[in-house]
K.L.:
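Have a look at the structure that comes next, please.
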Amino acid sequence: MPIVRVALDVPVFAPFDYLAPSAEPGDVGRLAVVPFGRRTLVGVIVALAEKASVEGVRLKPVSRILRDLPPLPGDVLALAAFCSDYYHHPLGQVLATLLPQRLRRSSPVRLTEPLWRLTEAGWAVDPATLPPRAALRRRLLAALRVEGNLSREALLALSPSAPQVIRDFLARGWVERANAPLRVQAPPRPYRPDTPPPLTREQQAALDAVRAGGAGFVPWLLLGVTGSGKTEVYAHLIADALAQGRQALLLVPEINLTPQTEARFRSRFPEAVIVSLHSHLAEGERLRHWLLAAEGRADIVLGTRLAVFAPLPKLGLIVVDEEHDASFKQQDGLRYSARDLAVVRAQQREVPIVLGSATPSLESWHNAVNGRYRLLTLSTRAVQAARAPRLTLIDLRREPVTDGLTAPLVRALKERLKRGEQSLVFVNRRGFAPALACPACGWLAGCPRCAAKLVVHLREKRLRCHHCGHGAVIPRQCPACGAFELTPLGQGTQRLERALQRFLPQARILRVDRDSTRRRDALPEMLRQVQAGEVDVLVGTQMLTKGHDFPRLTLVGIVNADSGLYSADFRASERLFAQLLQVSGRAGRACAHGEVLIQTAFPGHPLFAALAHGNYREFANTLLAEREALGLPPFTFQALLRAEAHRMESTLDFLRKAQALAPRLPGVEVYDPVPALLPRLAGKERAQLLVESASRGLLKQFLSTWLPVLRRHQVRNVRWALDVDPLEP
DNA sequence: ACAAATCAGACC
DNA sequence: GTCTGATTTGTA
């Protein structure tokens with residue numbers, strides 16, 4: 001009697017066996033609905049067997065094998081297995097994180113997609129009666145008349161906002177919904193490359209190099225200064241892949257970036273099927289996109305870290321854009337690095353992979369220096385007139401500060417305003433002020449659940465914790481000494497916005513941070529306003545530093561750059577440098593006189609000198625030498641055992657016990673438990689234990705013997721998780 | 001003496 | 001993770 005081994009979303013490493021009379025080899029990778037205890041779960045069949053793996057257990061039969069869905073291909077199963085092994089996470093839980101949520105419910109999946117067609121009322125509409133500006137509505141009506149019906153794909157090909165217009169048509173009763181089977185084969189579309197802009201010599205050289213590298217596994221690191229046209233290189237490589245009938249996977253850091261990038265690729269590849277994959281998609285949409293990828297019908301898959309697991313039968317190329325970005329590392333549950341897994345996947349599938357960045361992670365840079373990755377460089381800006389911006393430091397020890405701003409910065413802003421150019425003021429704190437203090441007794445408003453200060457949000461007249469979301473009203477008087485006149489301390493985006501309004505009363509100021517862009521479509525609308533020149537001064541957080549192209553922007557002001565200069569986190573300077581270089585790159589994307597002003601109390605710090613030269617290599621090599629001397633990553637490999645409990649003593653007790661249980665292995669160092677950087681979060685007291693080795697193999701061997709022991713010595717009320725290759729200390 | 005709280009272990 | 005039955009702890 002055939003048996004299937006099913007990996008389930010439970011914290012158990014081994015799969016579970018079930019009887020499956022009808023199972024056949026093709027069912028490996030398929031989902032199976034199975035009884036588990038008194039529950040019913042959906043798991044993945046990872047193997048077939050003739051004999052049960054445990055003796056003396058009465059096997060239950062599977063309830064159902066979902067044969068309507070395409071099975072997870074072997075390479076995705078292999079990647080999941082690698083992931084389970086490398087990150088020491090149960091296979092079933094790895095598979096659960098990579099599958100669209102919709103598939104994990106035992107209710108059947110409807111494999112249809114909506115088709116829109118005109119109703120009689122719709123046919124009766126005379127396009128000429130529509131307002132003259134309703135061009136898209138007229139185009140949609142015309143397309144519906146000609147095609148008979150339109151899929152979502154077809155709608156998006158017409159315009160990214162077509163689905164909204166269709167909703168409006170539906171409300172008016174002009175169209176109706178029909179369902180078409182999703183698995184209908186897409187018509188073969190001969191791919192015609194369109195006419196791209198001319199390449200710079202460097203872009204051409206990069207492209208030639210990758211082409212010469214062939215179709216097999218070659219890892220490339222594309223070091224391209226801001227504005228050098230990395231995306232154009234990606235586009236040509238993707239075009240090559242599509243022309244060979246293969247799929248391309250493009251990973252980007254955040255969802256914010258996706259709509260813009262998606263629109264760009266859509267107009268670049270009008271005939272290609274492009275789907276996005278990220279966690280903010282509606283369940284149904286994510287499933288649809290995933291299935292289109294799995295069936296090979298999606299030519300380009302554009303997504304955030306979870307897209308690294310997308311089934312792609314015809315994969316021909318992987319691109320990881322902004323590869324240094326921390327959002328490629330998942331920070332809870334399965335703590336995987338999508339960038340690292342992308343390299344593993346490229347190797348498994350024997351396809352080239354391009355990691356692109358203006359400021360690569362030191363890990364990748366190290367790999368380029370030691371020859372594991374091949375380096376491609378774009379050092380000149382693609383727009384002829386553009387130059388690297390001039391950088392000036394403003395010494396905060398000499399210049400007086402009013403509301404966070406120094407006179408030279410205000411002067412520079414006024415100058416740009418007079419010339420009709422745009423400026424950007426960058427602060428890394430949202431809200432009004434990062435703290436509320438009592439000047440009389442020194443009391444600070446702290447979060448009751450976290451070891452953090454509450455942030456003043458003046459607009460909502462509330463204090464908020466940015467770590468756990470806790471909110472409180474702003475007190476009238478100091479709870480410690482009763483004094484009135486509590487003062488906000490430090491600068492947030494809201495406070496700077498207000499200060500700028502006072503300094504520059506005629507300026508049109510726009511604040512861009514997580515609070516001002518909460519509403520759906522708020523960010524794209526703001527970006528449009530900036531593009532259209534309806535804004536003079538932008539105030540914002542790092543949200544503004546990424547990828548956006550503002551041709552009219554000539555000045556970037558950085559209010560305070562010092563937080564990352566002398567930090568407990570050894571990666572802080574790497575991150576600060578990347579961030580400052582990125583935000584500086586916003587100035588002068590299309591002109592010769594871009595300028596960056598940085599307010600700092602440490603103008604002598606070497607980071608600024610490197611930044612002034614715009615020299616990534618110099619700085620990266622300095623940092624690498626430092627890391628090597630100190631025995632830090634990428635020269636050593638780390639794993640962090642993170643634990644939390646109600647009280648710090650329990651957390652530390654557990655970690656001390658874990659330390660005592662650690663196997664002794666020469667070449668692997670186990671450090672003492674220490675409280676986390678944020679020792680209290682949401683009422684939990686956190687601490688961690690660092691394990692380090694110069695050898696990845698030894699570290700893995702250590703973890704493989706240690707973790708099973710730890711699991712057997714579970715301590716009540718202490719939760720713990722292992723973070724392999726942690727990014728945060 | 002009984003109920004509530006806690007715990008180890010299975011779950012296939 | 002969720003659930004079970006067994007054991008410990010608490011209370012009348």
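Below, read A as the first sequence line, B as the second, and so on, with proteins coming before strands; counting in each chain starts at 1.
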K.L.:
Output all residues satisfying side chain to side chain donor-acceptor pair (under 3.5 Å) with A:Tyr86, sequence neighbours left out; order by chain, then residue number.
P.N.:
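Residues passing side chain to side chain donor-acceptor pair (under 3.5 Å) with A:Tyr86: A:Arg696, A:Asp725.
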
K.L.:
Which part of the nucleic acid, if any, lies within reach of A:Arg716 when heavy atoms closer than 4.0 Å are counted: base, sugar-phosphate only, or nothing?
P.N.:
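A:Arg716: backbone/sugar contact only, no base atoms under 4.0 Å.
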
K.L.:
Please report, rounded to the nearest Å, how far the P atom of C:dG1 is from the CG atom of A:Leu334.
P.N.:
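Spelled out: CG on A:Leu334 to P on C:dG1 is 15 Å.
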
K.L.:
Is there a residue in residues 78-96 of chain A whose heavy atoms reach under 4.0 Å of DNA chain C, and which residues are they?
P.N.:
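Contacts with DNA chain C under 4.0 Å: none.
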
K.L.:
Taking only heavy atoms on the protein side, list every residue of residues 641-648 of chain A lying under 4.0 Å from any atom of DNA chain B, sorted numerically.
P.N.:
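Close to the strand, none.
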
K.L.:
Below 30° counts as parallel, above 60° as perpendicular, anything between as tilted: where do the rings of A:Trp720 and A:Phe654 land?
P.N.:
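The rings of A:Trp720 and A:Phe654 lie parallel, inter-plane angle below 30°.
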
K.L.:
Scan residues 29-48 of chain A against DNA chain C and write down, sorted by residue number, each residue with any heavy atom closer than 4.0 Å; if none is found, say none.
P.N.:
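Contacts with DNA chain C under 4.0 Å: A:Phe36, A:Arg38, A:Arg39.
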
K.L.:
For A:Arg462, which residues count as a side chain to side chain donor-acceptor pair (under 3.5 Å) partner, sequence neighbours excluded?
P.N.:
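In terms of side chain to side chain donor-acceptor pair (under 3.5 Å), with neighbours along the sequence ignored, A:Arg462 is linked to no residue.
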
K.L.:
Return no unless some side-chain N or O of A:Arg719 is found under 4.0 Å from OP1 or OP2 of C:dG1.
P.N.:
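Looking at the OP1 and OP2 atoms of C:dG1, one of them is under 4.0 Å from a side-chain N or O of A:Arg719.
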
K.L.:
Between atom CG in A:Asn717 and atom C1' in B:dA5, what is the gap in whole Å?
P.N.:
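It works out to 12 Å between those atoms.
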
K.L.:
How many whole angstroms separate atom CD of A:Gln714 from atom P of B:dC7?
P.N.:
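It works out to 12 Å between those atoms.
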
K.L.:
For A:Leu707, run the side chain to side chain contact (heavy atoms under 4.5 Å, CB included) check against A:Leu710, A:Val709, A:Thr705 and tell me which one passes.
P.N.:
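The single option meeting the side chain to side chain contact (heavy atoms under 4.5 Å, CB included) with A:Leu707 is A:Leu710.
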
K.L.:
Restricting to side chain to side chain donor-acceptor pair (under 3.5 Å), what partner residues turn up for A:Lys700, sequence neighbours left out?
P.N.:
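Checked A:Lys700 against side chain to side chain donor-acceptor pair (under 3.5 Å); matches are A:Asp85.
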
K.L.:
Using atom CG of A:Asp9 as one end and atom P of B:dC12 as the other, report the distance to the nearest whole Å.
P.N.:
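Value for this atom pair: 16 Å.
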
K.L.:
Do you know which of A:Glu644, A:Glu685, A:Met648, A:Lys684 makes side chain to side chain contact (heavy atoms under 4.5 Å, CB included) with A:Pro679?
P.N.:
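It is A:Met648, the one option of A:Glu644, A:Glu685, A:Met648, A:Lys684 that forms the side chain to side chain contact (heavy atoms under 4.5 Å, CB included) with A:Pro679.
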
K.L.:
Rounded to whole Å, how long is the line connecting atom CG of A:Leu59 with atom C1' of B:dA10?
P.N.:
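So the two atoms are 15 Å apart, to the nearest Å.
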
K.L.:
Quick check against the 3.5 Å criterion: does A:Thr545 have a side-chain atom that pairs as donor or acceptor with the backbone of A:Thr541?
P.N.:
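Flag not set: sc A:Thr545 to bb A:Thr541 has no pair under 3.5 Å.
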
K.L.:
Is any side-chain heavy atom of A:Glu728 less than 4.5 Å from a side-chain heavy atom of A:Gln688?
P.N.:
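They are not in contact (no side-chain heavy atoms under 4.5 Å apart), so the answer is no.
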
K.L.:
Under a 3.5 Å cutoff, is there a donor and acceptor pairing between the side chains of A:Ser567 and A:Asp569?
P.N.:
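There is no such pair (donor and acceptor under 3.5 Å, judged by atom type) between the side chains of A:Ser567 and A:Asp569.
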
K.L.:
In whole angstrom, give the distance that lies between atom CG of A:Leu19 and atom P of B:dC12.
P.N.:
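It is 11 Å, rounded to the nearest whole Å.
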
K.L.:
I'd like to know whether A:Arg656 forms a salt bridge (charged side-chain N to carboxylate O under 4.0 Å, His left out) with A:Asp672, so could you lay out the CA-CA distance, the side-chain angles of the two residues, the decisive distance to 0.1 Å, and finally the verdict.
P.N.:
CA-CA 8 Å; A:Arg656 279 191 281 263; A:Asp672 288 334; over 6 Å; no

K.L.:
Step by step, would you call A:Val473 with A:Leu463 a side-chain contact (heavy atoms from CB on, under 4.5 Å)?
P.N.:
CA-CA 6 Å; A:Val473 289; A:Leu463 299 174; over 6 Å; no

